[in-house]
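Worksheet: one structure, shown below.
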Amino acid sequence: MHPDLDTATIHDIATALRRARHVAVLTGAGVSAESGVPTFRDAQTGLWAKFRPEDLATPEAFARNPPMVWQWYAERREAVARVAPNPGHHALAKLQVRFETFTLITQNVDGLHAKAGNRNVIELHGNILKTKCFECNAPQSPAADHAIQPPPCSCGKSVCRPDVVWFGEALPAKAIDAAQRAARSCDVFFSIGTSTQVYPAAELPFTAKQRGALVVEINPDATPFTPHADHVIRAPSGVALPRLIAALEG
Ligand code: OAD
Ligand code: ZN
């Protein structure tokens, strides 16, 4: 048993879940860490430890050097296509069917929640496996062999880009609206595997707390939200979430 998995905390959360009608979950890169997908800010594995975000994940970076940015995402796409959901993802898929309303909001772009079986996932920052036009935003499905150069868009005005949110870009309006509605109306809110530093996603647990939800943080490390959480599980999500499911089913 993981040393930081406090049985009383798990029991209290399971009790609250049994009474809940609407459960909302916000996930970050930490949930995919146990699948082998690098996080952003963890020192030892963080993607940003090797690159500066502004050199890769901005419209200006792409306009400056489309092949470099396209290739970086092509490598990440290939890496993500090779990984599988971990026990944390599978536990969230099991949770989905237990409540009248279950809203899964993710900052992750790896598509692993859908791969694990969650439906209607709100992808706040897009999906690295999807592509759109840099100019007209139309969804594109380029041939797989465009690993070096971004392929042209059918509109003829520009080229394809990854369908992810870059720094300085607005989040998809429908996604952030749905996420904020869920944070305002849920009974229990989980903030899992996120450093809670990137807004507006980072606002969601604070909103849920203000609106009276019971808020649970699952993260091996502290975050700016930790002092506000009703319960904190200081453990990896791939360990904590299956334990929570076992307590619910127990
Ligand atoms: P970060 O890399 O900022 O934070 C990852 C969090 O996961 C940290 O708090 C870790 O402590 C925690 N963590 C690590 N391993 C874990 C595990 N096994 N189980 C649970 N938690 C674990 O990633 P995010 O918070 O997701 O945005 O970053 C938010 C956004 O910043 C990303 O979506 C991306 C980035 O810029 C865009 O690209 C727009
Ligand atoms: Zn176009």
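Residue indices begin at 1 and follow the sequence shown. Just follow the structure's listing: the first ligand is 1, and inside any ligand the first atom is 1.
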Give the atoms of ligand 1, by number and element, whose distance to some non-hydrogen atom of F167 is under 4.0 Å.
36 (O)
Applying a heavy-atom cut-off of 4.0 Å, say which part of S237 lies close to ligand 1: side chain, backbone, both or neither.
both
Tell me which one of P150, C133, P67 satisfies side-chain contact (heavy atoms from CB on, under 4.5 Å) with V159.
P150
So how far is it from L92 CG to Q96 CD, rounded to the nearest 0.5 Å?
9.5 Å
Answer yes when E169 and R161 have at least one side-chain N-carboxylate O distance shorter than 4.0 Å, and no when they do not.
yes
Look at the side chain of T226 and the backbone N and O of A222, then say whether any donor-acceptor pair between them is shorter than 3.5 Å.
no
Ligand 1 atoms in contact with G28 (distance to a heavy atom under 4.0 Å)
26 (O)
One finds that the ligand 1 atoms under 4.0 Å from a non-hydrogen atom of D221 are 11 (O)
Which residue from E217, Q107, R234, H125 reaches closest to atom 29 (C) of ligand 1 through any of its heavy atoms?
Q107
Does ligand 1 have an atom under 4.0 Å from some heavy atom of A57?
no
Which segment of V198 sits under 4.0 Å of ligand 1 when only heavy atoms are counted
side chain
Does the ring centre of H228 sit less than 6.0 Å away from the ring centre of F206?
yes
Please check if the side chain of T106 supplies one atom and the backbone of N108 the other of a donor-acceptor pair under 3.5 Å.
yes
Is the shortest N/O to N/O distance between A235 and ligand 1 below 3.5 Å?
no
So, does W166 sit close enough to ligand 1 that a heavy atom of it is under 4.0 Å from the ligand?
no
So for ligand 1, is A29 a polar contact partner (N or O within less than 3.5 Å, distance only)?
yes
Sidechain-backbone polar pair: Q140 side chain, C153 backbone, donor-acceptor under 3.5 Å:
no
Between Q107 and T194, does any side-chain donor sit less than 3.5 Å from a side-chain acceptor?
yes
If the condition is salt bridge (charged side-chain N to carboxylate O under 4.0 Å, His left out), which residues does E217 pass it with, not counting sequence neighbours?
none
Salt bridge E135-K157, side-chain N to carboxylate O under 4.0 Å
no
Element-labelled atoms of ligand 1 that are located less than 4.0 Å from some non-hydrogen atom of A33:
15 (N)
In ligand 1, which numbered atoms sit nearer than 4.0 Å to a non-hydrogen atom of P236?
17 (C), 18 (N), 19 (N)
Once rounded to 10°, what is the value of the angle centred on the Zn ion (ligand 2) between C133 SG and C155 SG?
120°
So between T194, I192, L241, whose heavy atom ends up nearest atom 25 (O) of ligand 1?
T194
Report yes or no: does a heavy atom of Q197 sit under 4.0 Å from some atom of ligand 1?
no
Between D110 and K115, is the closest basic N to carboxylate O distance under 4.0 Å?
no
Check this for me - ligand 1, G238, N or O atoms closer than 3.5 angstrom, yes or no?
no
Please identify which atoms of ligand 1 are closer than 4.0 Å to at least one heavy atom of E34.
17 (C), 18 (N), 19 (N)
